[in-house]
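Since the structure is predicted, the reported quantities are computational estimates derived from the model, not experimental observations. Convention: sequence-line order gives letters A, B, ...; per-chain numbering from 1.
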Amino acid sequence: MPIRETLPSRPDTSERLSREQLAELVAADIAPSSYVNLGIGQPTKVSDYLKPEQKITLHTENGMLGMGPAAQGDQVDEDLINAGKIPVTELPGTSYFHHADSFSMMRGGHLDVCVLGAFQVSANGDLANWSTGAPDAIPAVGGAMDLAIGAKEVFVMMSLFARDGTPKIVPECTYPVTGLGCVTRVYTDHGVFLITEHEGERRLKLREHYGITREELASRLDFDLHY
Amino acid sequence: MPIRETLPSRPDTSERLSREQLAELVAADIAPSSYVNLGIGQPTKVSDYLKPEQKITLHTENGMLGMGPAAQGDQVDEDLINAGKIPVTELPGTSYFHHADSFSMMRGGHLDVCVLGAFQVSANGDLANWSTGAPDAIPAVGGAMDLAIGAKEVFVMMSLFARDGTPKIVPECTYPVTGLGCVTRVYTDHGVFLITEHEGERRLKLREHYGITREELASRLDFDLHY
Amino acid sequence: MTQTAKTAADAVADVQDGSTILMGGFGNAGQPMELIDALLEGGATDLTVINNNAGQGDAGLALLIKERRVQKIICSFPRQSDSWHFDEAYRAGEIELELVPQGNLAERLRAAGAGIGAFFTPTGYGTELAEGKETREIDGINYVLEYPLRGDVALIKALKADEQGNLVYRKTARNFGPVMAAAAAHTIVQVEELVPAGSLDPETVVTPGIYIDTIAVIPTASGQRAQAGAASFSRK
Amino acid sequence: MTQTAKTAADAVADVQDGSTILMGGFGNAGQPMELIDALLEGGATDLTVINNNAGQGDAGLALLIKERRVQKIICSFPRQSDSWHFDEAYRAGEIELELVPQGNLAERLRAAGAGIGAFFTPTGYGTELAEGKETREIDGINYVLEYPLRGDVALIKALKADEQGNLVYRKTARNFGPVMAAAAAHTIVQVEELVPAGSLDPETVVTPGIYIDTIAVIPTASGQRAQAGAASFSRK
């Protein structure tokens with residue numbers, strides 16, 4: 001299994017996690033030798049915490065395996081960018097391929113882990129991260145729907161509560177969905193949730209919580225929380 | 001159009017064509033710069049008559065464009081074979097690709113001409129060339145069905161009559177078909193036939209005849225021959 | 001048959017009004033900028049464009065959209081920080097948008113080149129982008145039926161071509177080039193260098209010459225490439 | 001994660017009875033002969049084998065069939081001048097045959113690796129090999145619906161691997177290798193040479209290491225290769 005279940009050192013659970021701590025936690029949970037795609041935005045930060053001894057190979061959906069860190073100064077090359085169109089570098093063992101091959105790799109289930117941001121995740125693992133459904137918005141989807149359904153494990157990273165205090169893990173997504181039943185873990189500032197198959201149903205389980213009690217967490221979520 | 005309509009010098013029409021003359025005729029009818037697949041058996045002979053100035057690029061379905069002549073002596077390399085598993089050579093400008101890409105090239109209509117042998121061709125261009133339907137035969141199809149439906153032009157090369165004197169161009173194939181309505185020309189020892197769309201119907205037209213009168217030809221075929 | 005055009009203008013001279021144009025590139029990487037400029041100059045209009053994006057900044061596809069020469073765009077990610085020309089046309093109702101998940105876009109182009117009539121893909125199932133589409137459960141997984149995307153013309157960019165049209169690309173600028181080359185009736189490539197047949201290692205050819213109709217040689221210095229990069233990158 | 005096996009026997013040690021094995025090669029070119037020999041030695045039985053052919057002469061796949069270890073074969077061209085072991089097993093009713101047009105075989109393997117649930121292909125429409133299959137007319141062309149072919153294990157052959165499993169092939173020995181590598185749960189490759197990561201030009205990698213689980217290094221001299229070729233070629 002490409003997922004590590006225990007951390008060498010878990011963060012302090014009395015406070016909610018910072019964005020950096022969250023990225024570090026996700027990075028530590030990725031098993032050695034995994035092939036991983038890090039989505040645009042917050043998930044990109046995970047790469048800062050991957051350790052060389054983990055031997056993680058990063059995929060970018062615009063046609064590359066073995067992506068290195070962001071390019072600096074003279075390294076910048078407009079032909080070498082990631083899915084966020086940021087100039088990057090290549091590592092020994094890199095390979096390039098065309099878009100159909102790259103998305104076949106994703107859709108065919110060959111990536112071990114993909115880490116995505118989200119607007120909402122439902123308790124059974126539906127993901128909403130591509131559109132707020134605002135009537136005047138210009139829609140754009142990119143590779144979000146392919147990432148959502150492709151990898152063996154789909155990790156979401158987000159804050160547990162929106163600015164107005166409403167939870168972003170919900171009984172059913174109210175934002176337009178990106179994929180159904182695809183999320184396997186939700187990493188948030190207030191806790192890590194696993195979504196697993198249980199007697200034919202996908203359900204959400206709290207793995208650990210940060211800066212909030214289990215009771216308060218349960219009271220603020222609109223569905224039954226399993227432990 | 002990649003098909004040449006007139007020959008520099010037509011063969012004598014008073015005698016039926018030899019296999020060599022037939023191969024030469026087909027070779028001369030292939031327009032310059034075409035991409036061509038020559039089937040196993042009789043069609044392979046066409047390559048002996050292709051002229052360098054025609055700049056024909058040969059495709060072999062096991063993953064190569066730019067195939068050269070059969071390998072001789074030290075040139076023999078078990079990693080470089082054609083679809084008939086004969087050792088061949090490469091020419092400047094060769095490219096290699098995998099089987100799915102190679103058959104995409106065929107199925108996607110990118111080859112200009114494919115030349116095939118046949119047991120039977122129907123007057124509307126159905127092809128039968130993969131199985132005699134004999135009850136004890138071990139079936140084998142290879143790339144025959146892909147070749148039949150893929151190329152822009154499908155030329156068949158065969159004798160017009162079977163050994164028992166029955167015509168191999170028929171109103172309807174009695175052998176198991178390889179593809180429907182796919183043949184565009186039939187090159188035989190006794191004549192060249194074009195199959196063209198006419199008011200929504202595909203029909204066969206005699207282009208020229210060798211060693212047989214038009215009347216005799218018409219009387220020996222079981223369908224109406226157009227001129 | 002692969003021919004070499006003297007200029008980018010010659011290369012695109014036959015593009016007709018109302019054509020469907022497959023346009024390579026992911027952002028600026030692999031975008032055939034000089035061919036698009038020539039298309040802009042040439043005047044062809046009422047185009048349908050298939051590209052991953054809908055133009056960025058004030059160059060290439062963005063200018064075609066600005067001039068209202070694109071009646072419809074099929075893409076995965078139109079909205080970017082610098083897609084102002086598209087944004088304006090779209091809000092004015094002056095461009096039609098068909099939004100396609102990026103992998104389905106690539107696979108539909110691949111299907112067009114490969115002679116596949118339609119295919120069942122899991123991507124997009126249960127989402128707004130699959131509304132009204134045929135679906136099917138196969139071995140416990142839900143799929144959406146998607147159809148090929150064909151072009152009248154493809155405009156792509158590669159690093160080198162040989163005289164027979166065999167292409168090699170450079171890094172992530174490869175992106176949509178190979179699938180678009182095979183999906184169009186007429187494929188035009190701009191390359192930095194044209195080399196004699198036999199100069200490219202046959203094992204390394206990415207796009208065989210059979211897919212290429214017209215080559216335009218547009219030399220670009222590596223330095224310019226890096227500089228252009230530094231100046232024009234924008235967050236997706 | 002890509003691992004290197006000490007011997008061909010180690011590489012195939014975990015192949016289970018009843019497995020579906022994707023076996024690379026078109027005739028002898030690209031056939032992973034030493035891996036198949038190890039499989040023969042290892043004793044796994046009740047196999048389903050997917051290969052273009054059904055073995056030739058008295059080696060490799062032909063011997064697996066001779067020993068009745070293959071209960072079913074899915075291939076395009078079983079009958080060859082030297083397919084005597086298959087012929088005998090088939091006539092004795094001791095092997096099941098699923099005959100698939102070669103392009104559909106390749107595309108069904110590709111679909112398995114690419115996560116495509118099914119696809120409409122024109123190949124085989126109206127023929128015996130499409131009897132009972134779903135068909136559909138799309139834009140005036142008739143198609144047959146075909147499904148993916150997945151393997152538990154793929155045995156393939158390449159020229160070189162780097163330590164991360166990236167592969168390059170040699171000439172027409174490439175054939176089914178790349179599509180089979182992606183279509184199996186566990187892919188085992190035999191290579192002539194293993195090189196450090198970074199030794200292969202990233203532009204020329206044909207099969208990325210993500211598809212490779214086990215590498216077995218089986219050195220072969222080029223001379224032997226040519227000689228073997230001269231001795232064993234047979235007309236399709």
Side-chain angles (χ1 to χ4, degrees), chain A residues 39-41 60-64 67 71 73-88 90 94 96-109 126-128 130-131 133 136-150 176-182, chain C residues 26-30 52-54 56 75-80 83 86-87 90-91 97 99-107 109-110 121-129 141-142 159 169-179 206-207 222 225-236:
Chain A
I40 309 260
T60 180
E61 59 264 38
N62 53 320
M64 178 186 194
M67 182 172 66
D74 285 354
Q75 293 176 322
V76 170
D77 179 336
E78 76 169 345
D79 289 343
L80 180 48
I81 60 175
N82 68 11
K85 306 199 174 83
I86 304 297
V88 292
E90 64 183 35
T94 287
Y96 296 105
F97 29 84
H98 62 59
H99 248 80
D101 280 350
S102 186
F103 280 79
S104 291
M105 198 177 278
M106 295 157 69
R107 199 176 42 229
D126 296 349
L127 172 69
W130 76 281
S131 164
D136 65 332
I138 295 176
V141 65
M145 291 182 179
D146 303 277
L147 286 163
I149 57 92
V177 295
T178 310
L180 301 178
C182 55
Chain C
F26 180 85
N28 288 323
N52 186 62
N53 304 104
Q56 39 273 325
C75 71
S76 87
F77 208 87
R79 186 195 62 219
Q80 301 186 94
S83 61
F86 169 80
D87 298 359
Y90 183 78
R91 292 192 199 283
L97 169 66
L99 192 68
V100 181
Q102 200 171 142
N104 288 352
L105 189 69
E107 190 68 12
L109 289 161
R110 192 256 174 198
T121 173
T123 303
Y125 177 82
T127 75
E128 277 179 12
L129 298 188
I141 298 173
N142 289 303
L159 179 64
Y169 298 83
R170 190 167 175 279
K171 302 186 186 287
T172 58
R174 186 184 303 196
N175 58 66
F176 286 93
V179 287
V206 174
T207 296
S222 293
R225 178 193 290 130
Q227 253 187 338
S232 63
F233 285 110
S234 67
R235 190 84 182 153
K236 174 172 183 178

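Separation of atoms OG1 (Thr123(C)) and CZ (Arg107(A)) is listed at 5.5 Å; rounding is to 0.5 Å. Going from atom OG of Ser102(A) over to atom CZ of Phe176(C) covers 9.5 Å, rounded to the nearest 0.5 Å. Between the CZ atom of Phe77(C) and the CH2 atom of Trp130(A) there is a distance of 11.0 Å, given to the nearest 0.5 Å. Considering NE2 of His98(A) and CG of Leu109(C), their distance stands at 11.0 Å, rounded to 0.5 Å.
Contacts of Val206(C) with chain A are absent, with no heavy-atom separation under 4.5 Å from either backbone or side chain. At a 4.5 Å heavy-atom cutoff, the contact between Tyr90(C) and chain A is made by side-chain atoms alone. Neither the backbone nor the side chain of Ile141(C) comes within less than 4.5 Å of any heavy atom in chain A. For chain C, the nearby part of Thr178(A) is the backbone; its heavy atoms alone come within less than 4.5 Å. Heavy-atom distances place the side chain of Phe103(A), and not its backbone, under 4.5 Å from chain C. Of the atoms belonging to Phe86(C), it is side-chain heavy atoms, and not backbone ones, that fall under 4.5 Å from chain A. For Ile149(A), the part sitting under 4.5 Å from any heavy atom of chain C is the side chain, from C-beta outward, and nothing else. Interface remark: Gln75(A) contributes no atoms to any contact with chain C (heavy atom separation under 4.5 Å).
The ring of Phe26(C) has its center closer than 6.0 angstrom to the ring center of His99(A).
With respect to the salt-bridge test (charged N to carboxylate O, under 4.0 angstrom), the residues Asp77(A) and Arg170(C) qualify.
What you find for Leu80(A) and Thr172(C) is that their closest heavy atoms are CA-OG1, 3.4 Å. Taking all atoms of both residues into account, the shortest heavy-atom contact from Thr127(C) to Gly179(A) is CG2-N, 4.3 Å. Closest heavy-atom contact between Gln102(C) and Gly143(A): NE2-N, 3.3 Å. For the pair Gly124(C) and Met145(A), the tightest heavy-atom approach, listed with the atom from each and the gap, is CA-SD, 3.8 Å. Nearest approach of Leu180(A) to Gly126(C), heavy atoms of both residues: CD1-CA, 3.9 Å.
Of the possible polar contacts, one joining the Asp146(A) side chain to the Gly103(C) backbone as a donor-acceptor pair under 3.5 Å is found. Put simply, the side chain of Ser76(C) never gets that close to the backbone of Val141(A): no donor and acceptor are under 3.5 Å apart. With hydrogens and angles disregarded, no donor-acceptor distance shorter than 3.5 Å links the side chain of Arg79(C) to the backbone of Pro139(A). Not a single donor-acceptor pair under 3.5 Å links the side chain of Arg174(C) to the backbone N or O of Asn62(A).
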Before giving the answer on side chain to side chain contact (heavy atoms under 4.5 Å, CB included), spell out for Ser104(A) and Glu107(C) the whole-Å C-alpha distance, their side-chain angles and the decisive distance to 0.1 Å. CA-CA 8 Å; Ser104(A) 291; Glu107(C) 190 68 12; 4.1 Å; yes
Would Gln80(C) and Lys85(A) satisfy side chain to side chain donor-acceptor pair (under 3.5 Å), going step by step from the backbone distance to the final call? CA-CA 11 Å; Gln80(C) 301 186 94; Lys85(A) 306 199 174 83; 3.0 Å; yes
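If you tally non-hydrogen atom pairs under 4.5 Å between each of Leu99(C), Asn142(C), Val179(C) and chain A, the highest count goes to Leu99(C). Here Pro101(C) is the residue among Gly30(C), Cys75(C), Pro101(C), Ala54(C) with the most heavy-atom pairs under 4.5 Å with chain A. Contacts with chain C were tallied for Asp126(A), Asp101(A), Ile138(A); Ile138(A) has the most, counting heavy-atom pairs under 4.5 Å.
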